K.L.:
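Here you go, one structure.
A quick note: this is a predicted structure, and the numbers were derived from the prediction, not measured. Here, residue 1 is the first one in the sequence, and each next residue gets the next number.
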Amino acid sequence: MTGASGDPERLFRYYPEDFGALPVRVVHMDLTFDVYDGHTRVVSALTAETLDAPLASLPLNARDLDILRVASDGYAVAYTYDRAAAALTVAFDPPVPPRTRFTLDTETICRPSSHVLEGLYYDGSCPTGQPTQITQCQQWGFQRLVPCLDDMTAKCTYTTAIVADDGYTNLISNGDPAGPRFYLGPGRSVQKYENTTTPMAPYLFFLGVGCYDTHRREFEYPDGRTFSLELLAKPGSDAAAAERAIEVLADAVMWVHLFTGPAQYRDHETREEVWRQVRVRDEAKRAGDRAALEDSRKVLAGLVAAIQTGYAYTGAVYREIAMQNSDFGGMENVGNTTLAANRIMPYPEATDPAFEYMVRVKVHEYYHNENGSEVTGRSPFELWLNEAVTVHIENRHHAFFFGEAYSRLQTVLDLLDPEAGTLALDRGAGSMPIEPDGFNDPNDLITGVTYVKAPEFVRMIETLMGKETFAEALGRYHDRFRHANASRDDWLRCMEEASGQDFSGMAATWLKEREYPVLTVTPAYDPASRRFTLAYRQSRSPEGRIWEFPFRFALVDAGGRDLADRIVRIADETGEISLDGVDRPAFLSLNRGYSFYGKVAYQPPEDELYLQVQKDADIVGRFTAFAALADRELLRLLEDTDATVSGRFADLCMDLLADDRLMEEAGGQFLTIFPSVDDERFAHHYRALYDAQKKILAAVAARHPDALLRVYRRAAANAPGGSGYLEEEARAIRQRQRKNTCLAILATLDTPEVHRLLLRQFQEATAATDRLTAFSLLLESSAPERREILAAFSLSSAKSPVAWESFLATVAGSDCDDLVAILREIESSPAFAVEQADQQRALYGRFALNRKRSLETGEGRAYLAEALRRLAPVNEYSTVRALDAFAFIDGMEPRHRVPAVAVLADLLSSLSPGAYPAVYNNARRFLIGAPEAVRAYEEEQGEIPALRGLTP
């Protein structure tokens, strides 16, 4: 693996040609880590096999290591270490013959970092004082531990011994423990692990020494096989919350076993009964009812024998380990998943979105055991393949518990969000394709494109194939490449073999191009022949290619009944779809379920949209009709600042909130009115859009204050209780969404009565989401006690890392004139730790995307510029994500463009491209994507040196 940095002609450090075939086949690594507070001595025996030619030298990746010894039995070796290039080259005398196994022994020292969250780093400390140390190897952290071939194709088995201080409660690595922990002598002990069942790519390696509260639960499959689930939480953790977290994990493991795999859609009723009986068995187990337990086991054995189950875990222990400081929410590491400590358990301080994230991340990282660990992509350019399929399964799991309508609508909102939504960023200056031409750091690939757009590509393939065929093809893929690496062509070939369809052209555009199609449709109806036609034209890709995608649409009558529902494969620029023998539709339901990643351009009469919002059976169709009406309303207010809000639209908002059935199905998220319009004249005028959105909500509040209060109280009274299963918690979340939507609308009145209502919820809330919602609304209000509340809430939140992260994000995203002053006060607080990634994301990342404040005010730009310069040396990944705020400089109001360019130009002048390549090159890409603004800036300020030699 090679890669250039600081080259003014290159926008990326790494390109596909930098990843070639390995010079040897890696077989096994036998590792001993002798861990101390300030360094770790690593002894490695790397066993490999030569290929068809003699091996005279072997280049290894070795980053920031002290090399103490290099040797190989049977060979004299010499080595050179280029620390700057992170390359250890070993020469063999004589050369190793072809097709020969050999072992390379090294002894090295690595040193943990306090802020480089890769390789070995500090993650807090034990109550006894020793520093907790954990590793992060995605993608190239393993070379910071030991000389290696740090490549996704270097899959091998491992044995690992960890020698460390007796005071650590846990010494952890991949695989199953090879015997008990053995005490060596004064103050030192050793624990050995064997990872010999599943060959593992280096980026999946994990090592941890620390102090944790260990919570355990036996997991039992329906056929009686068992293994242990462990949750390693920070010391002093809440035992009840930990137990609930393990139950959520157990649900995920069982769901994957029963509802994934090639036969998942067969024998559905039997699978549902197995699911029910598992809960009966586990209740009997908890109650100690041996007779009921044995009866349940007999029933389960008979049921499960009749079905083909999905993935089953192969190890003796599966752990989740709390990490306080990480660029990622979770990371799979073959048997040891690290999860953000603030998201690993359902803490009392956790918000509803945090709880949903916990549910999602647990099944996501667990499913990586099959998709990512057992079957691994070939290079970072195929990281999307590991992630997209896994997110696709994660989404199905979420829908199982939270409801299909709620879950799919949540994804659609993620797509459409103008602030950080994937569709918006995909058209921004910093966007890259699913498989980009290059990257500066593997973390560049951890974006919404990988985790939202790529799964939507997988979903489109599934839609074209059909769910059953897709499940069979995915099973074929996992069986064919188990314990090996696979390319995207391998995955596509499995899809094509099972379906008989050709996806090569579709993949070539979707995987290698930015942006998305816009499908313009024109309907026509001939009453004499009862024939409906839908003419369409799609936009081409930026490179002029035709997109291919499934398009689902329906013709619907005035009562909401489908007259026809079709899925067609769009594969040409223009065309016409005809349906014969159908009645005239009252409205069209287009892109049902959001069948393709993109947008539909269609301007029906307003009455049709109102009817669709009320009657469409498809929740996505209902919402997109509502969003279209909101877009029209916002645009009207932007074009005429003296215009008043339509009473009809305000009444519709109230009617939807009062619709018990809709709210139970979709939650309060359905009433999302984004501060955005499709019209490019105003699409990035952030303050004007926000004010227009607030004007609409204020109109709803002014027309329906009593009705809003009634619905608010009804939702508060309808909080479910009972079983405690995820399904019940999902219903409670939907009710809180409804309640807090009402509260947010009422808050626009900004009256003393509303202030009292907000204060009451803030003080009496039992759910963190309720408290934070009320706090946010109080902070943006004219309530005289808002600053006093802020100070007190800051102090109380600082006592909990979970509450502190939520507090920071809430404040940074708020809209108040003294926001920058508040943020500076928070920064000066002893509780704020700039080296903590979660706090970076919450404060700086959230403020950066608060563009009406961060980019459209002078003090906001000054603060953001300071934050970026401060953050870049601490965490490149967090800095790069904050740069997303600059995705649409040329779309901003002209008066804001040059000052926005100045922030990036000044940042570039302060950075070393070699030291911070990801920040440097991404900042350049955002400027290249804003040619009008850059031209205006350079006319005033002169040339930007970092852009010399680069063209848009």
K.L.:
Between D618 and G621, is there a donor-acceptor pair closer than 3.5 Å when you use the side chain of the first and the backbone of the second?
P.N.:
yes
K.L.:
Quick one: do R824 and D818 make a salt bridge, cutoff under 4.0 Å?
P.N.:
no
K.L.:
Would you say the ring centroid of F775 lies under 6.0 angstrom from that of F807?
P.N.:
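Yes.
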K.L.:
Donor-acceptor pair, R636 side chain versus T644 backbone, under 3.5 Å?
P.N.:
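Flag set: sc R636 to bb T644 pair under 3.5 Å.
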K.L.:
So H685 and F682, would you call those rings parallel, tilted or perpendicular, with 30° and 60° as cut-offs?
P.N.:
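Taking F682 first and then H685, their aromatic rings stand perpendicular (interplane angle over 60°).
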K.L.:
So which atom in S676 and which in L634 form the shortest heavy-atom distance, rounded to 0.1 Å?
P.N.:
O-CD1, 3.4 Å
K.L.:
Ignoring hydrogens and angles, tell me if any N or O in the side chain of K453 forms a donor-acceptor pair with the backbone of G448 under 3.5 Å.
P.N.:
no
K.L.:
Please identify which of these residues, T520, V521, T522, meets the side-chain contact (heavy atoms from CB on, under 4.5 Å) condition with Y536.
P.N.:
V521
K.L.:
Step through the shown structure and confirm whether more than 12 heavy atoms of other residues, nucleotides or ligands are within 6.0 Å of CZ on R537.
P.N.:
no
K.L.:
Would you please say whether a donor-acceptor pair under 3.5 Å links the side chains of E932 and Y937?
P.N.:
no
K.L.:
Search all heavy atoms of A699 against all heavy atoms of V645 and return the closest pair with its distance.
P.N.:
CB-CB, 3.5 Å
K.L.:
May I ask you to decide whether E515 forms a salt bridge with R427, counting only side-chain N to carboxylate O separations under 4.0 Å?
P.N.:
yes
K.L.:
Would one find more than 12 heavy atoms of other residues, nucleotides or ligands at under 6.0 Å from atom CD of E576?
P.N.:
yes
K.L.:
Is it true that the NZ or CZ of R408 lies under 6.0 Å from the centre of Y594's six-membered ring and within 45 degrees of the ring axis?
P.N.:
no
K.L.:
Ring centroids only, cut at 6.0 angstrom: are F549 and Y597 within range, meaning strictly under it?
P.N.:
no
K.L.:
If I compare all heavy atoms of V898 with all of A933, which pair ends up nearest, and what's the gap?
P.N.:
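Looking at all heavy atoms of both residues, the closest pair is CG2-O, 4.4 Å.
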K.L.:
For residues R592 and S589, determine if any side-chain heavy atom of one lies less than 4.5 Å from a side-chain heavy atom of the other.
P.N.:
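In short, these two side chains touch, coming nearer than 4.5 Å.
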K.L.:
Parallel, tilted or perpendicular: which one describes the rings of W510 and F457, with boundaries at 30° and 60°?
P.N.:
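Plane angle between 30° and 60°, so tilted.
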K.L.:
For N591 and S595, indicate whether the former's side chain and the latter's backbone hold a donor-acceptor pair under 3.5 Å.
P.N.:
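Yes: the side chain of N591 pairs with the backbone of S595.
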K.L.:
Okay, side chain of N922, backbone of A918: is any donor-acceptor separation there less than 3.5 Å?
P.N.:
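Looks like yes, one N/O pair under 3.5 Å.
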K.L.:
Give a yes or no answer on whether the side chain of S776 reaches the backbone of T810 with a donor-acceptor pair at less than 3.5 Å.
P.N.:
no
K.L.:
Can any side-chain N or O of D750 pair as donor or acceptor with the backbone N or O of S782 at less than 3.5 Å?
P.N.:
yes
K.L.:
Does the side chain of E827 pick up a donor-acceptor pair with the side chain of Y844 at under 3.5 Å?
P.N.:
yes
K.L.:
Is D678 salt-bridged to K599, cutoff N-O under 4.0 Å?
P.N.:
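Yes, this pair counts.
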K.L.:
Would a 4.5 Å heavy-atom cut-off, applied to side chains only, mark L534 and F551 as touching?
P.N.:
yes
K.L.:
Has the side chain of K695 got a donor or acceptor atom that lies under 3.5 Å from a matching backbone atom of T641?
P.N.:
yes
K.L.:
Between R545 and E513, does the salt bridge (Lys or Arg N to Asp or Glu O under 4.0 Å) criterion hold? Intermediate values first, please.
P.N.:
CA-CA 9 Å; R545 296 179 182 177; E513 293 258 18; 3.7 Å; yes
K.L.:
Where is the tightest heavy-atom contact between A882 and G845, given as atom of each residue plus distance?
P.N.:
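Taking every non-hydrogen atom into account, CB-CA, 4.5 Å.
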K.L.:
According to side-chain hydrogen bond (donor to acceptor under 3.5 Å, both in side chains), who are the partners of S431, at least two apart in sequence or on a separate chain?
P.N.:
D426
K.L.:
Please give me the minimum heavy-atom distance between R514 and M432, naming the atom from each residue.
P.N.:
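Minimum heavy-atom contact is CG-C, 4.0 Å.
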K.L.:
Exactly one of D352, T773, T741, T351 should register a side chain to side chain donor-acceptor pair (under 3.5 Å) with R736. Which one does?
P.N.:
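Of the listed options, the one satisfying the test is D352.
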K.L.:
Is the positively charged end of K852 above the ring of Y686, judged by distance under 6.0 angstrom from the centroid and angle within 45° of the axis?
P.N.:
no
K.L.:
Quick test of your reading of the model: are E893 and R895 salt-bridged, counting only N-O distances below 4.0 Å?
P.N.:
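Salt bridge present between E893 and R895.
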K.L.:
Ignoring hydrogens and angles, state whether a donor on the side chain of Q603 or R632 is under 3.5 Å from an acceptor on the partner side chain.
P.N.:
yes
K.L.:
Keeping T624 on the side-chain end and V620 on the backbone end, is there a donor-acceptor pair under 3.5 Å?
P.N.:
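Confirmed, T624 side chain pairs with V620 backbone.
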K.L.:
Tell me which one of T672, L423, T411 satisfies side-chain contact (heavy atoms from CB on, under 4.5 Å) with L416.
P.N.:
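Only match with L416 under side-chain contact (heavy atoms from CB on, under 4.5 Å): L423.
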K.L.:
Under 3.5 Å, side chain of R897 to main-chain N/O of M892, donor-acceptor pair present?
P.N.:
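Answer holds: yes.
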K.L.:
Is the closest basic N to carboxylate O distance between R853 and D817 below 4.0 Å?
P.N.:
yes
K.L.:
Quick test of your reading of the model: are R648 and E606 salt-bridged, counting only N-O distances below 4.0 Å?
P.N.:
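A salt bridge links R648 with E606.
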K.L.:
State, to 0.1 Å, how close A946 and Y920 come at their nearest heavy-atom pair, and which atoms those are.
P.N.:
CB-OH, 3.2 Å
